[in-house]
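Below: the structure, in structure tokens.
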2 protein chains.
Amino acid sequence: MEISVSQENYLKAIYKLASREGVASNQAIASVLESTPASVTNMLRKLTEMGWIDYEAYRGATLTAAGNKRALELVRKHRLWEVFLVEKLQYDWDAVHPLAEELEHIGGEELVNRLDAFLGHPQYDPHGDPIPDSEGNIRKRQHVMAASELNVGQDFAVCGVRDSSSLFLQHLDRLGIELGKRYALTERLEFDRSMVWQAESGQTTTVSQEVASNVLIQRVK
Amino acid sequence: MEISVSQENYLKAIYKLASREGVASNQAIASVLESTPASVTNMLRKLTEMGWIDYEAYRGATLTAAGNKRALELVRKHRLWEVFLVEKLQYDWDAVHPLAEELEHIGGEELVNRLDAFLGHPQYDPHGDPIPDSEGNIRKRQHVMAASELNVGQDFAVCGVRDSSSLFLQHLDRLGIELGKRYALTERLEFDRSMVWQAESGQTTTVSQEVASNVLIQRVK
DNA sequence: GTCTGTTTTTAGTCGAGACTAAATATTTAG
DNA sequence: CTAAATATTTAGTCTCGACTAAAAACAGAC
């Protein structure tokens with residue numbers, strides 16, 4: 001039985017929610033998919049019959065091995081297409097998500113593997129999220145934390161974002177913050193806990209607590 | 001009112017049929033879409049309401065200006081994705097059609113124009129079909145004819161195919177026939193009207209009438 | 001243990017887009 | 001000009017995925 005676009009989106013939603021908070025409620029799945037709990041119940045039943053998930057009424061859903069593989073393949077496709085759109089088609093990093101959302105449902109393993117090779121087997125997507133390999137292995141990065149957890153005096157490099165909404169990414173653009181850029185945390189302001197970051201060029205940027213908690217970094221040296 | 005994938009496929013079908021044989025019958029549209037005449041009737045009504053086509057019962061359908069623009073955009077997207085798949089992802093020319101069929105429905109003008117630029121504004125797709133520009137202008141090639149119409153002694157270059165089914169394209173691969181390759185027609189065999197083509201390398205290939213009538217060429221020199 | 005509030009499921013509908021079978025309209029042959 | 005053949009439309013269903021409103025199950029407070 002061939003899986004539909006809509007069903008693939010359920011798998012992705014369950015994958016995301018299950019990795020974060022154990023098992024997902026229908027409510028939660030519905031809100032991710034901008035749907036209703038009633039619709040979710042029906043689809044979870046169908047996905048169970050099809051062998052993609054295990055699901056018991058009132059117990060929540062978990063992906064089967066097949067479902068997990070499929071979800072990872074979708075994540076892989078999504079992130080590789082994002083790399084393509086940014087690197088090859090020169091899209092801004094805040095504009096690629098909706099297109100990747102469509103592209104990820106096209107073709108099968110053959111296409112995604114060719115795309116991967118064409119792009120030179122990239123490790124991370126334009127938002128710093130790791131790209132699963134063809135076996136579904138996802139490299140977990142060590143020592144990644146939110147910028148908000150830093151202490152004054154520490155050096156760090158920006159390596160990802162927690163919020164990849166267009167609004168947030170555009171805000172980072174305005175602040176001149178981009179992946180790979182290095183800073184030193186020179187000051188933490190008492191008043192609102194905002195931070196002063198000094199780039200290698202010497203330029204400083206003031207970053208609110210709200211922004212810092214959505215920027216992922218790695219300490220350097 | 002946003003157009004659906006299915007509706008876009010109707011526009012493409014009408015575009016193809018109308019350019020070939022004036023106005024299309026429901027029967028014809030149904031067979032292109034592997035559907036039934038009854039289904040076609042309903043959809044044609046809807047497309048008329050939406051302003052994509054003009055349609056009168058028993059009179060057939062024609063694209064409106066908007067419909068024509070949309071159909072050309074689809075053809076453009078399809079052919080550009082085929083170029084991408086062959087040139088960048090190294091797909092064989094006989095394998096790209098089904099993928100392009102899916103990709104062509106993704107994104108809008110922005111995406112297709114960026115893809116076009118990335119590919120270097122190619123003029124023809126991997127099967128030799130011309131790619132409409134962003135205004136929907138389609139370069140009509142002069143002096144293109146079927147190889148079957150040649151006379152003995154003429155020199156020519158292969159520039160396209162009439163049948164782009166996987167089966168036919170694989171057959172051409174086996175015969176060593178590819179786009180851009182030059183030949184001289186050295187002989188026409190009495191028995192079954194098959195042709196002998198001599199490549200620049202001196203190698204000769206015997207080509208059946210059936211094959212020759214599906215290969216498009218331009219005379220050279 | 002029972003009551004109250006939340007969450008989930010049932011039941012019944014809806015729209016899109018397809019299908020079959022039957023009824024009409026159109027064209028063609030005689 | 002009429003009869004037969006062909007093409008199109010109507011009428012009625014089906015499946016997929018969604019929805020709302022109402023019923024049922026569960027969890028936490030007392």
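Labels below follow one simple rule: chain letters A, B, ... track the order of the sequence lines, proteins then strands, and each chain is numbered from 1. Side-chain atoms are counted along with the backbone in the values below, which use heavy atoms only and exclude waters and symmetry mates.
Taking 4.0 angstrom as the limit, B:Thr41 places a side-chain polar atom (N or O) nearer than this to OP1 or OP2 of D:dT9. The side chain of A:Lys46 contributes an N or O atom lying less than 4.0 Å from OP1 or OP2 of D:dG17. Applying the 4.0 Å criterion to OP1 and OP2 of D:dG17, one finds that A:Ser35 has every side-chain N and O outside that range. The side chain of B:Tyr55 places an N or O atom within less than 4.0 Å of a non-bridging phosphate oxygen (OP1 or OP2) of D:dT9.
Residue B:Met43 has its side chain nearest to C:dG17 when only C:dA25, C:dG17, D:dA24 are considered. When distances are taken from the side chain of A:Thr36 to each of D:dC19, C:dA18, D:dT9, the shortest belongs to D:dC19. Residue A:Tyr58 has its side chain nearest to D:dC26 when only D:dC26, D:dT8, D:dT20 are considered.
Residues from residues 2-11 of chain B placing a heavy atom under 4.0 Å of any atom in DNA chain D do not occur.
Between A:Tyr91 and B:Leu111, the closest heavy-atom pair is OH-CA, 3.1 Å.
The environment of CD in A:Glu210 is sparse: at most 12 heavy-atom neighbours from other residues, nucleotides or ligands sit within 6.0 Å.
A tilted orientation is assigned to the rings of A:His171 and A:Phe168, their planes being inclined by 30° to 60°. Between A:Trp81 and B:Trp81, the ring-plane angle classifies as perpendicular under the 30° and 60° cut-offs.
In this structure, the CD atom of B:Gln27 is 17 Å from the P atom of C:dT26, given to the nearest Å. For A:Leu44 and C:dT7, the CG to C1' distance is 14 Å, given to the nearest whole Å. The interatomic distance linking A:Ile29 (CD1) with C:dT9 (C1') rounds to 14 Å, in whole Å. One atom, CD of B:Glu34, and another, P of C:dC19, lie 10 Å apart when rounded to the nearest Å. Rounding to whole angstrom units, CG of residue A:Asn42 and P of C:dT13 are separated by 15 Å. Going from atom CZ of A:Arg59 over to atom P of C:dT7 covers 17 Å, rounded to whole Å. Remark: P of C:dG15 and CD of B:Glu49 are 14 Å apart, rounded to the nearest angstrom.
Salt-bridge formation is not detected for the pair B:Glu73/B:Lys12: no Lys NZ or Arg NE/NH1/NH2 atom is positioned less than 4.0 Å from an Asp or Glu carboxylate oxygen.
Taking the six-membered ring wherever Trp is involved, the centroid distance between the rings of A:His97 and A:His78 falls below 6.0 Å. Checked against the 6.0 Å centroid threshold, B:Trp52 and B:Tyr10 do not count as a close aromatic pair.
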